[in-house]
Amino acid sequence: MHIEIINGPNLNLLGVREPAIYGHSSFEPFLASLRERYGDIEIGYYQSNSEGALIDRIQEVGFTAAGIVLNAGAYTHTSVALHDAIRAVTSPVIEVHISNVHQREEFRRHSMISPACAGVICGFGLDSYRLAIEAIKGMQEHD
Ligand code: DQA
């Protein structure tokens with residue numbers, strides 16, 4: 001089973017960026033721990049700060065992956081193009097956020113991509129990604 005994690009803008013700065021909100025850990029050690037925990041799943045990883053590159057990656061993996069775990073960062077709140085890309089592919093996409101976006105500024109409460117996603121997980125720190133993997137596994141079992 002292949003699950004792809006896709007991180008959007010500024011998520012390359014995890015551990016450095018606003019640690020009070022996003023934590024002190026960079027993504028790479030967390031990714032290694034996920035790969036160890038889910039040894040039977042091929043967990044791909046892609047990060048870009050560019051909207052078009054994120055769309056390209058969704059198109060590349062979105063017809064074969066069991067699921068995509070997508071943290072679109074700030075593009076969550078703005079991108080019709082990401083919404084369309086998610087709708088265009090066949091793999092289920094789970095929207096994730098590290099922070100609870102509903103506890104924060106008003107502009108973070110609206111997601112352009114939620115209506116196109118299979119589900120949304122937010123507010124559990126990096127564990128949001130693991131919960132999304134569990135959700136994709138559950139969807140496979142019920143297929
Ligand atoms: C985020 C929340 C977004 O509002 C923000 O722009 C991010 C990170 C999160 O993971 O909590 O870049 O997606």
Side-chain angles (χ1 to χ4, degrees), residues 1-140:
M1 191 198 300
H2 169 212
I3 293 177
E4 182 84 359
I5 297 176
I6 301 179
N7 268 343
N10 301 307
L11 291 162
N12 54 315
L13 293 181
L14 280 181
V16 174
R17 168 195 189 198
E18 299 186 88
I21 296 173
Y22 299 113
H24 292 271
S25 167
S26 67
F27 198 75
E28 284 65 26
F30 173 70
L31 180 62
S33 74
L34 278 183
R35 285 179 171 148
E36 204 173 296
R37 179 172 185 146
Y38 296 102
D40 53 335
I41 302 176
E42 185 198 333
I43 302 178
Y45 178 59
Y46 182 79
Q47 190 277 330
S48 177
N49 294 324
S50 306
E51 190 176 13
L54 296 170
I55 291 165
D56 286 342
R57 191 63 187 159
I58 289 168
Q59 291 183 7
E60 271 163 29
V61 298
F63 293 93
T64 52
I68 296 175
V69 178
L70 174 64
N71 186 344
Y75 292 138
T76 303
H77 315 296
T78 62
S79 181
V80 176
L82 271 175
H83 172 112
D84 286 351
I86 295 163
R87 289 180 70 104
V89 297
T90 52
S91 304
V93 178
I94 314 292
E95 174 184 348
V96 303
H97 302 284
I98 296 166
S99 63
N100 180 351
V101 286
H102 301 287
Q103 267 175 356
R104 300 180 62 195
E105 302 95 324
E106 181 71 35
F107 66 84
R108 292 186 206 278
R109 287 194 198 152
H110 182 256
S111 167
M112 294 298 293
I113 66 171
S114 293
C117 288
V120 183
I121 298 171
C122 81
F124 297 98
L126 289 176
D127 206 37
S128 295
Y129 293 87
R130 187 190 61 79
L131 293 167
I133 289 173
E134 288 293 335
I136 293 166
K137 277 179 66 179
M139 290 169 87
Q140 291 282 309

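First listed ligand is number 1; within each ligand, the first listed atom is number 1. Side chains are part of it too, since the values below use all heavy atoms of this structure and drop only hydrogens, waters and symmetry mates. The structure displayed is predicted, hence computed values, not measured ones.
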Quick check: do Ile5 and Val96 have side-chain heavy atoms less than 4.5 Å from each other?
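The answer is no; the side chains never approach within 4.5 Å.
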Between Arg87 and Asp84, is there a salt bridge with N-O shorter than 4.0 Å?
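Salt bridge: no.
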Those residues that, when tested against Phe27, pass ring-ring contact (aromatic ring centres under 6.0 Å, His included) (two or more places apart):
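Phe30, Tyr45, Tyr129.
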Ligand-protein N/O pairs under 3.5 Å (ligand 1):
{"unit_1": "ligand 1", "atom_1": "4 (O)", "unit_2": "His77", "atom_2": "NE2", "d": "2.7"}
{"unit_1": "ligand 1", "atom_1": "4 (O)", "unit_2": "Arg108", "atom_2": "NH1", "d": "2.8"}
{"unit_1": "ligand 1", "atom_1": "6 (O)", "unit_2": "Ala74", "atom_2": "N", "d": "3.2"}
{"unit_1": "ligand 1", "atom_1": "6 (O)", "unit_2": "Arg108", "atom_2": "NH1", "d": "3.1"}
{"unit_1": "ligand 1", "atom_1": "10 (O)", "unit_2": "Asn71", "atom_2": "ND2", "d": "2.8"}
{"unit_1": "ligand 1", "atom_1": "10 (O)", "unit_2": "Ile98", "atom_2": "N", "d": "2.7"}
{"unit_1": "ligand 1", "atom_1": "11 (O)", "unit_2": "Ile98", "atom_2": "N", "d": "3.2"}
{"unit_1": "ligand 1", "atom_1": "11 (O)", "unit_2": "Ser99", "atom_2": "N", "d": "2.9"}
{"unit_1": "ligand 1", "atom_1": "11 (O)", "unit_2": "Ser99", "atom_2": "OG", "d": "2.6"}
{"unit_1": "ligand 1", "atom_1": "12 (O)", "unit_2": "Arg17", "atom_2": "NH1", "d": "3.1"}
{"unit_1": "ligand 1", "atom_1": "12 (O)", "unit_2": "Arg17", "atom_2": "NH2", "d": "2.9"}
{"unit_1": "ligand 1", "atom_1": "13 (O)", "unit_2": "Asn71", "atom_2": "OD1", "d": "2.8"}
{"unit_1": "ligand 1", "atom_1": "13 (O)", "unit_2": "His97", "atom_2": "ND1", "d": "2.8"}

Quick one: which of Ile6, Leu54, Asn12, Ile55 gives a side-chain contact (heavy atoms from CB on, under 4.5 Å) with Ser48?
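So the option named by the test is Leu54.
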Counterpart residues, salt bridge (Lys or Arg N to Asp or Glu O under 4.0 Å), relative to Arg57 (two or more places apart):
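Glu4, Glu60.
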Applying ring-ring contact (aromatic ring centres under 6.0 Å, His included), which residue pairs with at least one partner in residues 59-98 are found, sequence neighbours left out?
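Matches after skipping sequence neighbours: none remain.
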